[in-house]
Number of protein chains: 2
Amino acid sequence: MARSSSSGSDKPASGDTGDVRRASTRSTGSVTLGDVAKLAGVSPITVSRVLNRPEMVTADTIEAVRRAIAETGYVPNLLAGGLASSRTKLIAAIIPTLGNAMFIDTIQPLNDCLSAAGYQLMLGLSGFPELCEEDLLKAILSRRPDAIVLTGVNHSAETRQCLLAAKIPVVETWDLTATPIDMLVGFSHEKVGAEVANYLFGKGYRRFAQVCAEDERAQIRRRSFEAALRDKGQSCLSTVCVPTPTTVRMGREGLAQLLAEGHRPEVVFCSSDVLAHGVLAEAQSRGLRVPDDMAVMGFADLDFAAYTFPSLSTVHVDRAAMGRHAGEVLLARLSGRPVDKKMVDIGFSIVARASA
Amino acid sequence: MARSSSSGSDKPASGDTGDVRRASTRSTGSVTLGDVAKLAGVSPITVSRVLNRPEMVTADTIEAVRRAIAETGYVPNLLAGGLASSRTKLIAAIIPTLGNAMFIDTIQPLNDCLSAAGYQLMLGLSGFPELCEEDLLKAILSRRPDAIVLTGVNHSAETRQCLLAAKIPVVETWDLTATPIDMLVGFSHEKVGAEVANYLFGKGYRRFAQVCAEDERAQIRRRSFEAALRDKGQSCLSTVCVPTPTTVRMGREGLAQLLAEGHRPEVVFCSSDVLAHGVLAEAQSRGLRVPDDMAVMGFADLDFAAYTFPSLSTVHVDRAAMGRHAGEVLLARLSGRPVDKKMVDIGFSIVARASA
DNA sequence: ATGAAAGCGCTAACAG
DNA sequence: CTGTTAGCGCTTTCAT
């Protein structure tokens, strides 16, 4: 079967044993470039070109090779290709968890953007404890991705070192810093906390409480919120902290705890819409009127919350734009195009709905 | 003339000067096994052993090598390793979308399980249209994963062909079939539809409606639900179908549409808790009492729904167990251990809460 | 436009 | 226990 198919007369194994397919010492059994080349009657490199740079090959050759590829069911080996070329078409992204729709909303457009350009996205889950981010990173770097997307800007010295040594484009997301490793697209959590404080103070609220995730960026918003209150001579009655990843249940329990401790806040600022959702559910089940008895402010503007509690006031963050933008700067860099803005603040906005 | 850049004579390397560290034509610059070996004063293969089979090496050697690794910041190249050994420590999983918490709940324990065993999970998103599953699969197979986890059991002939040709362990999940490709862990969507029909009929409901995702498995549940109703001489008033991935919003709109069409169902069976959540939100905003005016049945038993609408009746599916189990059978197979059950029905149960 | 030779960095298979 | 040799399958470089 595996003979030149060029012109008809296909003699059955005509004696000469010259190129009998000798099993090499450790063949993997799968079809290789060489097999396709033999079938198509060309050299391996030509098959490679058909796949990677078809403009260098004549239409006839392409046709013959395509046929051979289809006939053999050849699937390229990107381990070999990546090893030889130092380009893997692989891009890694590290996020804390799959359990948080916030990050997913960023990853999805990133993935779309990259796969449209022929890259594959590999996800790494750091789990919120930033403890072993370095190990994860090494595991990821050992696959030699062409670039990497990080969540957050607070990395250990070792992590930065690894990243620098890898000499690949890096995009940090979900935060801002004056000293990015490479490129950056995020927004200011400090500003969020401060502006929310201003907003709520401006609405006349004076008894504040929080339900806040034990997450680095959530804590930044929290502290900034408290600081801004202090500037106004106010303070936060109480803050309930809950472990990550957060759930609606924790929001419910958070409010339950605040009330059990005897607090009667006029408004509760939650570190995410998931928690705010839980707080609203709990308030509702207790017959509290929102915002008259108690107002609620969330963060992120998640769909499911907005469609369950349309009154939820929140902070809108364009997560999809963040993902898209991260993909775009990466692709620009990888294709040698100039990257206009290495640092981008995508901003945020307070969405005032009936709950606060 | 083009050759002018060549340093040194054209003559064949006449002679000797052999061991000058001649920069290889295309070095990638990063630290290699060889560099570590040189520093540690051992051979490359010994470094490899320290990393992969330390039990074959003396403690002293390990120590020396470890030091050299730390000193150089060496990060193994798994492209090269995988190419040489035909084992990549990479396992792929294909799911329809990241936007559905159902699948995430399966993937998370799968990931935990695999990474604890030193494997890395690579996610592939097929998007619900099973159209180009084959292209995605080829892109994934080109990274030579050691095994693959699929969502669903309905694959094209080409897909099955690719999978067979790859000769790697395969686990299909989220469904049952008499003819799995290899291993299987799922449950019967047919049974779900039928049992829900029985349950609701038994509770005395007679006017049924559905809000159902345009998803293969959801449609199986739907048809089975309708068939079971027919067996009882009943029928479904109306079914609103919504595109995937589904959202809470679609659930709201689904109920709105049912009511706008003039239907007054006694009970609405939704193809997921996300949709049921939306239906409940819409019902609530219209002042409908649940279950007195209208009952609601969901599917999957998602946390966020249960904690927002604790009364939501639903079908419980142990998604985490499915993921864990998939990981376990895979690891068993990969380590040569016998796999006790190649096909596992993890079952489901109807959770009767106050909403139905 | 196509091909030949030489690796990419690592590990399997054998020595010693 | 450690080293030597020979590839894994592909792409680069340089030649034709």
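Chain A is the first sequence line, chain B the second, and so forth, proteins listed ahead of strands; every chain is numbered from 1.
- For the pair Ser335(B) (side chain) and Leu331(B) (backbone), a donor-acceptor distance under 3.5 Å is present.
- Remark: Arg324(A) does not engage Asp112(A) in a salt bridge, criterion side-chain N to carboxylate O under 4.0 Å.
- With respect to Glu63(B) and Arg67(B), a salt bridge is recorded, a charged nitrogen being found less than 4.0 Å from a carboxylate O.
- Sorted by residue number, the members of residues 46-62 of chain B with any non-hydrogen atom under 4.0 Å from DNA chain C read Ser48(B), Arg49(B), Asn52(B).
- Residue Arg144(B) places no side-chain N or O under 4.0 Å from the OP1 or OP2 atom of dC10(D).
- Counting heavy atoms of neighbouring residues, nucleotides and ligands inside a 6.0 Å radius, atom CZ of Arg87(A) does not exceed 12 of them.
- At whole-Å resolution of the value, CG in Leu83(A) and P in dT11(C) are 12 Å apart.
- The nearest whole Å value for the distance from the CG atom in Leu78(B) to the P atom in dC8(D) is 20 Å.
- For the pair Leu79(B) CG and dT11(D) C1', the interatomic distance rounds to 13 Å; values are reported in whole Å.
- Checking dG3(C), dG9(D), dC10(C) against the side-chain heavy atoms of Thr32(B) singles out dC10(C) as nearest.
- In summary, the side chains of Asp146(A) and Thr88(A) do present a donor paired with an acceptor at a separation below 3.5 Å, with no hydrogens or angles considered.
- Rounded to a whole Å, the CD1 atom of Ile69(B) is 10 Å from the P atom of dC10(C).
- Nearest to the side chain of Ala84(B), among dC10(C), dG3(D), dT12(D), sits dC10(C).
- Judged by closest nucleotide on DNA chain D, Ser43(B) is the one of Ser43(B) and Gly81(A) placed further toward the 5' end.
- As a whole-Å value, the separation of Lys89(B) NZ from dT11(C) P is 12 Å.
- Rounded to an integer number of Å, the gap from Leu33(A) CG to dG9(D) P is 10 Å.
- An OP1 or OP2 oxygen of dC8(C) is reached within less than 4.0 angstrom by no side-chain nitrogen or oxygen of Ser85(A).
- Side-chain contact check for His155(B) and Glu134(B): no donor-acceptor pair (N or O, by modelled atom type) lies under 3.5 Å.
- Side-chain proximity of Tyr74(A) to dA12(C), dC10(D), dG9(D): nearest is dC10(D).
- For Asn77(A) and dT11(D), the CG to C1' distance is 13 Å, given to the nearest whole Å.
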